[in-house]
Amino acid sequence: MRVESTSPESRSAVAPDVGRKGGVDWGNLHRRLDASEAALKQRLSPSPEETRRILRARARSLAAGDRSEATSPDLLLEVVEFVLGPEHYGIESSHIREIYPLSEFTPVPCTPAFVLGLVNVRGQILSIINIKKLFDLPEKGLTDLNKVIIVHANHMELGILADAVLGVRPIAMEELRPALPTLTGIRAEYLKGITKDPLVVLDVEKILMDEKILVNEAVDTTT
């Protein structure tokens, strides 16, 4: 039978911490343990570059979360955008019953200038107001593009004349700003907010609660 060499060189290759005289090389063992501990700490503790990468990823994640929160349905205002003269206005869709084409209406004598007349919407008689008269906006003739936006609030309904209806758009609540200094008088009074576009969002509840809007004048039938 062949017996393998048991020379010190062979023992050193198998057990490097055992000295040539059979003792344990404690210094070498401690150095290896220290090296292993340092390597483990390096793996557990990221480098400065890795730390910056992690922080950038966290920042992007937080920013994405903020954008998601900003566009949450609870923080959005859905409005119907329409045109009045040279300006764009909006009304919350929750206050709009329907949008009706202006085909025929009946003028009512002895009413304020902003009252365009009456319209019959499937058997319901509604007043139409031209808020351009209230806001001192330039007038132009009626066209096929004119629409009547039928709004409701506080058990009241009426129609608002629009030069044209552009569609529905969502607005983040944080985009709404207070009235601009150029918006004064009754226009600022009816204002819910204004975007940077600018889009003037009207407060339908204030409009329908204003006694100036209510048509209480009796028709003068005397000649």
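In this chain, numbering begins with 1 at the start of the sequence shown.
- For the atom pair CG of Leu77 and CE of Met173, the computed distance is 5.5 Å after rounding to the nearest 0.5 Å.
- Proximity of Phe82 to Ile99: side-chain heavy atoms (C-beta onward) are nowhere separated by under 4.5 Å.
- Minimum heavy-atom separation, Pro109 to Pro107: CD-O, 3.9 Å.
- Rounding to the nearest 0.5 angstrom, the gap separating the CD1 atom in Ile149 from the CG atom in Leu202 is 9.0 Å.
- Between Lys132 and Glu139 the shortest side-chain heavy-atom distance falls below 4.5 Å.
- A search for salt bridge (charged side-chain N to carboxylate O under 4.0 Å, His left out) contacts involving Asp203 returns nothing, not counting sequence neighbours.
- Here the CG atom belonging to Leu76 is positioned 9.0 Å from the CD atom belonging to Glu175, to the nearest 0.5 angstrom.
- A side-chain donor-acceptor contact under 3.5 Å links Asn146 to the backbone of Thr143.
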Starting from the C-alpha separation in whole Å, work towards a yes-or-no answer on side chain to side chain contact (heavy atoms under 4.5 Å, CB included) for Asp210 and Glu189. CA-CA 10 Å; Asp210 193 337; Glu189 182 181 341; 3.5 Å; yes
Verify side chain to side chain contact (heavy atoms under 4.5 Å, CB included) between Thr195 and Leu176, making sure each step is shown before the conclusion. CA-CA 5 Å; Thr195 67; Leu176 287 180; 4.0 Å; yes
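- Leu199 places a side-chain heavy atom less than 4.5 Å from the side chain of Arg169.
- Applying the side-chain hydrogen bond (donor to acceptor under 3.5 Å, both in side chains) rule to Arg97 yields the partners Gln124, Glu157; only residues at least two apart in sequence or on another chain are considered.
- Residues satisfying the side chain to side chain contact (heavy atoms under 4.5 Å, CB included) criterion with Leu166, sequence neighbours excluded, are Glu81, Val83, His88.
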Yes or no on side chain to side chain contact (heavy atoms under 4.5 Å, CB included) for Tyr190 and Ile131, after CA distance, side-chain angles and deciding distance? CA-CA 11 Å; Tyr190 294 156; Ile131 57 178; 5.9 Å; no
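- Here Glu92 pairs with Lys192 under the side-chain hydrogen bond (donor to acceptor under 3.5 Å, both in side chains) rule; sequence neighbours left out.
- Other cluster members for Val121: Tyr100, Leu102, Phe105, Leu116, Val119, Leu126, Ile128, Leu142, Val148, Ile150, Leu161, joined by side-chain heavy-atom distances under 4.5 Å among Ile, Leu, Val, Met, Phe, Trp and Tyr.
- Between atom OG of residue Ser103 and atom NZ of residue Lys147 there is a gap of 10.5 Å, rounded to the nearest 0.5 Å.
- Heavy-atom minimum distance, Ala153 versus Glu205: CB-CG, 3.9 Å.
- Residues Asp163 and Leu145 have side chains not in contact (no heavy-atom distance under 4.5 Å, counting atoms from C-beta outward).
- At least one side-chain heavy atom of Leu137 sits less than 4.5 Å from a side-chain heavy atom of Tyr89.
- Judged by distance alone, the side chain of Asn154 and the main-chain N or O of Met156 form no donor-acceptor pair under 3.5 Å.
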Determine, stepwise, if the pair Leu118 / Ser127 fulfils side chain to side chain contact (heavy atoms under 4.5 Å, CB included). CA-CA 5 Å; Leu118 302 176; Ser127 298; 3.6 Å; yes
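- The salt bridge (charged side-chain N to carboxylate O under 4.0 Å, His left out) test applied to Glu78 returns no partner, not counting sequence neighbours.
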